[in-house]
Amino acid sequence: MKFSMLAIAAAALTAGVNGFAGTQMPAARTFAVRQVRAGFHKVDFNATNAYARRSKKGMMRNDSSNERYSKAGNACSTMLKATEVETDKMAALATAANEARGLAMDSIAAAHSGHMGLPLGAAEIGASLYGSQMTYNAKDPQWMNRDRFILSAGHGSMFLYSWLNLAGFDLPMEEVKNFRQHHSMTPGHPEFPNSEHNTPGIECTTGPLGQGVANAVGFAVSEKMAAAKYNTEDHTIFDHHIYALAGDGCFQEGVSAEAAAFAAHEKLDNLIIFYDANEVTLDKMAEYTQSEDVLKRYEAYGWEVYDIDGHDLAVIEETIAAAKASNNGKPKFIKCNTIIGKGMEETEGTNAAHGEAGVPYVDNAKKNIGLPEGEKWFVSEGTRDYFGEVQAKNEATYNEWQATYKAWSEANPDMAKELEDAIADNVMSADDMIAAIPELNAGAEATRVSGYKVIQEISKLVPNYISGSADLHGSTRNYIDGAGNFGAGFDKDYAGKNLYFGIREHAMGSILNGIAYHGIFKASGSTFLVFVDYFRPTVRVAGLAELGRVSWILTHDSIGVGEDGPTHQPVETVSGLRVIPNVDVYRPADAEETVAAFVSSVTRKEGPTALIFSRQNLDQNDAVPAMERRAGALKGAYVAKKEEGDLDTIVLATGSEVQHALKAAEGRAGVRVVSMPCMEAFERQSDEYKEEVLPSSCTKRVAMEAGVSGLWYKYASKVVGVDRFGFSAPGDIVMKELGMSADNLSGVLDSMQ
């Protein structure tokens with residue numbers, strides 16, 4: 001070690017860092033509280049420590065007095081050397097923890113904005129993860145077998161930025177200083193690399209509390225699936241762990257509970273969650289709004305649980321090592337009892353520590369934890385040296401893996417090509433995929449039925465495509481035949497491409513995002529359209545993060561649902577999805593448009609896609625050749641029926657209303673019908689194409705959709721829509737009564753003459 005351990009020890013001890021326990025024999029420490037079959041028990045290492053003390057005593061005897069002590073002396077010498085190395089490591093980690101605290105304090109003070117409590121309170125957890133327990137290569141942050149870390153409590157983003165800088169990721173100190181500033185690599189909450197930010201080491205976009213916990217479950221699903229699909233008896237390609245750090249707010253949000261139940265049920269033992277249990281929320285101390293035992297709740301789900309001092313580095317190290325080694329089919333939940341804002345005496349342990357209230361006390365706090373006075377963003381040479389050694393260790397592991405991967409790929413060239421294409425998101429072009437899917441030649445059928453036919457073809461053409469449902473496979477019709485079911489027990493295994501999420505829509509959305517963030521599979525999930533509001537927050541984040549690997553299959557798309565009544569008849573929902581940036585919303589009119597919608601969902605890389613399918617049968621527009629309908633739908637809108645005389649009126653429609661528009665246009669020589677399955681795709685077309693489909697010279701336009709009318713006024717001067725909730729009756733009656741019929745549209749066209 002090139003730095004002074006005495007200086008590090010003095011700084012850490014002056015700061016009162018409990019984590020500096022590595023300088024003592026740990027006989028008095030409790031390791032953790034672990035779940036075993038009989039319940040909870042405590043595990044300590046007194047026997048080992050007693051042996052160390054006896055050995056040391058044996059060394060001190062005169063060798064000539066008794067040779068039987070010589071072997072004990074040699075053993076003790078080896079142990080003491082190991083203890084010295086471990087002490088050096090613990091000292092280095094303790095120092096790094098304090099320097100990470102300093103980086104967070106300086107950046108938040110400079111920005112006059114941010115959340116100081118978590119970076120100060122969880123510093124020892126970060127030190128152990130990035131300085132010891134996680135496997136990663138800072139020089140190749142996209143390495144496929146790296147451990148993943150998700151900061152579910154995304155408001156504490158300076159925790160993550162500090163550790164990425166210390167660990168050697170390409171996040172320069174200037175960017176750390178530029179926290180929360182325009183065009184910086186350090187936005188207020190962590191953002192998955194996208195067109196706005198590209199910060200290496202950020203595994204997913206977090207901020208809405210609880211989402212990161214559920215995202216982490218998606219990561220764990222993807223890792224299990226990749227291991228089952230690509231590992232062989234001779235070569236292990238995937239064997240990494242997923243870590244997430246979350247606070248009380250994350251565990252109060254219901255999405256984490258849904259995801260936790262799923263993770264335990266499917267035995268995702270590659271997942272390790274840290275609970276930053278500081279007993280504080282923003283408004284009040286946590287006891288003001290919660291009295292549950294979170295640890296027992298997770299035990300009841302089926303997790304292996306630990307209860308530790310979150311500032312004791314030696315305990316954190318031992319607990320993480322034990323959690324990683326425990327391949328018992330249980331995800332791991334580590335409750336880390338911490339002090340929010342630790343090191344800042346004026347606010348620590350109170351809800352005032354959560355945000356930037358500690359800014360006036362930064363200089364004094366830094367002094368108290370042993371950082372140089374007057375020096376901003378201080379990182380010691382010793383810490384840089386230590387993380388250089390961590391990088392060297394990780395690179396050695398990385399190089400060994402690369403050799404294994406090379407041997408695996410040579411032995412399995414087809415599988416290697418498939419995996420590399422999956423990671424690079426290489427798929428055939430949309431045009432080629434359109435051509436590769438046979439014409440459906442469908443009669444009148446619901447687009448959910450058409451979707452079932454198309455998803456089988458998509459699964460063949462895109463090997464890394466998987467799909468799941470929130471307990472509605474039989475209705476949403478997105479089951480991939482012959483592809484197996486994902487999970488543990490029954491007929492499931494981890495190679496299955498069909499996921500059963502249970503009645504957990506919110507968790508489903510977050511898990512799908514986590515699968516996409518992991519970067520191997522393309523994932524879709526299904527439910528009734530009206531229930532998308534259960535996971536709308538995840539749709540928004542998917543749009544923000546530009547997750548092109550995600551799509552949603554949302555059926556029973558309108559008042560046509562009928563008898564189930566207004567609780568199950570979405571009228572506002574499609575428009576509500578359309579207003580989310582970067583999200584494509586496809587509502588196809590027939591089977592061939594459904595092909596285009598699916599193809600777009602797996603070939604578009606700039607964002608996610610919502611596929612909106614009908615419950616009721618729809619007519620096919622066979623007057624237009626199948627391939628023309630597909631090509632037109634890919635562009636978002638096209639002429640479904642060209643006028644037979646001088647253009648006088650344009651009727652725009654989407655989904656189930658296109659059939660009504662086509663019928664209403666019969667016998668009207670000057671009427672053009674435009675099918676617009678996807679507004680967003682149409683808006684990306686050239687001005688020339690848009691003018692070709694919707695000539696600006698024709699201002700007499702009417703739009704029709706079985707939903708709220710507002711968005712259609714961008715394209716039409718009159719809209720036939722449904723600006724009210726529906727009612728319970730057979731679907732055709734509801735449609736007719738609320739104006740969704742060819743006869744009603746004909747009357748509207750007559751009135752416009």
Side-chain angles (χ1 to χ4, degrees), residues 425 427-442 445-469 473 475-481 483 497-499 512 516 521-527 529 532 542 547-557 574 577 583-615 618 620-621 626-638 654-656 658 675-682:
D425 202 9
V427 294
M428 64 174 62
S429 71
D431 290 340
D432 288 345
M433 197 175 294
I434 285 287
I437 297 175
E439 293 185 19
L440 298 186
N441 297 314
E445 68 180 20
T447 47
R448 63 172 174 152
V449 175
S450 306
Y452 166 72
K453 298 174 183 177
V454 178
I455 201 172
Q456 312 307 321
E457 302 298 326
I458 294 294
S459 181
K460 296 172 188 174
L461 297 172
V462 185
N464 60 322
Y465 183 83
I466 63 177
S467 194
S469 181
H473 272 120
S475 296
T476 54
R477 306 296 295 274
N478 63 307
Y479 189 84
I480 302 172
D481 291 341
K497 296 174 70 172
N498 294 289
L499 291 93
L512 292 173
F521 300 101
K522 291 177 178 286
S524 65
S526 73
T527 187
L529 173 60
V532 74
L547 296 182
R549 292 177 181 268
V550 170
S551 58
W552 309 281
I553 297 167
L554 307 170
T555 68
H556 297 57
D557 69 336
V574 174
L577 291 172
V583 176
D584 272 10
V585 180
Y586 263 94
R587 186 167 178 251
D590 65 11
E592 300 303 341
E593 286 193 11
T594 301
V595 172
F598 255 111
V599 167
S600 180
S601 75
V602 296
T603 57
R604 178 173 176 254
K605 299 183 180 181
E606 295 76 21
T609 302
L611 302 172
I612 315 296
F613 296 154
S614 73
R615 176 196 184 190
L618 308 182
Q620 306 297 315
N621 184 17
M627 291 302 171
E628 287 186 24
R629 278 178 278 163
R630 294 181 183 185
L634 271 181
K635 294 180 178 180
Y638 66 101
T654 186
S656 55
V658 171
S675 176
M676 186 176 280
C678 184
M679 291 180 176
E680 300 78 20
F682 180 68

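- In terms of heavy atoms, I434 sits closest to A596 at CD1-CA, 3.9 Å.
- S524 is listed as a side-chain neighbour of S467, based on a closest heavy-atom distance under 4.5 Å.
- Side-chain atoms of F682 and K635, non-hydrogen and from C-beta on, never get closer than 4.5 Å to each other.
- A 4.5 Å side-chain heavy-atom check between L577 and I612 finds at least one atom pair inside the cut-off.
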side-chain contact (heavy atoms from CB on, under 4.5 Å) between Y586 and T594, worked out: CA-CA 9 Å; Y586 263 94; T594 301; over 6 Å; no
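- In this structure, the side chain to side chain contact (heavy atoms under 4.5 Å, CB included) partners of S469, at least two apart in sequence or on a different chain, are L472, H473, T476, N478, S526.
- Rounding to the nearest 0.5 angstrom, the gap separating the CG atom in L512 from the CH2 atom in W552 is 8.5 Å.
- Contact record, A681 with G636: CB-CA, 3.7 Å, taken as the closest heavy-atom pair.
- To the nearest 0.5 Å, the span separating OG on S614 from CZ on R587 amounts to 8.0 Å.
- Heavy atoms only, all atoms of each residue included: Q620 and A442 are closest at CG-O, 3.2 Å.
- Looking at heavy atoms from C-beta onward, R549 lies in side-chain contact with D425 at the 4.5 angstrom threshold.
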Chi angles and distances behind the side-chain contact (heavy atoms from CB on, under 4.5 Å) call for V602, T609: CA-CA 9 Å; V602 296; T609 302; over 6 Å; no
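- Here the CD-OH distance, from Q456 to Y479, works out to 9.5 Å after rounding to the nearest 0.5 Å.
- Considering only heavy atoms from C-beta on, Y638 comes within 4.5 Å of S675 through its side chain.
- Side-chain atoms of L554 and L611, non-hydrogen and from C-beta on, never get closer than 4.5 Å to each other.
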Test side-chain contact (heavy atoms from CB on, under 4.5 Å) applied to E445 and K453, step by step: CA-CA 11 Å; E445 68 180 20; K453 298 174 183 177; 2.8 Å; yes
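- Expressed to the nearest 0.5 Å, how far CD1 of I437 lies from NZ of K460 amounts to 10.0 Å.
- By the side chain to side chain contact (heavy atoms under 4.5 Å, CB included) test, A435 pairs with no residue at all, sequence neighbours left out.
- Proximity of a side-chain donor or acceptor of R448 to a complementary backbone N or O of H556 within less than 3.5 Å is not detected.
- Atoms OG and CG, on S459 and N464 in that order, are 9.5 Å from each other to the nearest 0.5 Å.
- Atom CD1 of residue I480 and atom OH of residue Y452 lie 11.0 Å apart, to the nearest 0.5 angstrom.
- Pairs engaging residues 588-604 under the salt bridge (Lys or Arg N to Asp or Glu O under 4.0 Å) rule: D584-R604, D590-R629, E592-R630 [sequence neighbours left out].
- Under the 4.5 Å side-chain criterion, counting only non-hydrogen atoms from C-beta, I455 is in contact with I553.
- Just one of T447, L529, V449, D557 meets the side-chain contact (heavy atoms from CB on, under 4.5 Å) condition when paired with F613; it is T447.
- A search for side-chain hydrogen bond (donor to acceptor under 3.5 Å, both in side chains) contacts involving D432 returns S429, not counting sequence neighbours.
- Inter-residue side-chain proximity for V585 and E680 is flagged as met; some heavy-atom pair is nearer than 4.5 Å.
- P588 approaches L618 most closely through the heavy-atom pair O-CD1, 4.4 Å.
- Taking the side chain to side chain contact (heavy atoms under 4.5 Å, CB included) definition, one finds that E628 meets it with V624, P625, sequence neighbours left out.
- The heavy-atom pair separating A436 from M428 by the smallest distance is CB-SD, 4.4 Å.
- The salt bridge (charged side-chain N to carboxylate O under 4.0 Å, His left out) check on K605 picks up nothing, with sequence neighbours excluded.
- Taking every heavy atom of both residues into account, K497 and V462 meet most closely at NZ-O, 4.4 Å.
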Test log, rule side-chain contact (heavy atoms from CB on, under 4.5 Å), inputs L440 and V454: CA-CA 9 Å; L440 298 186; V454 178; 4.0 Å; yes
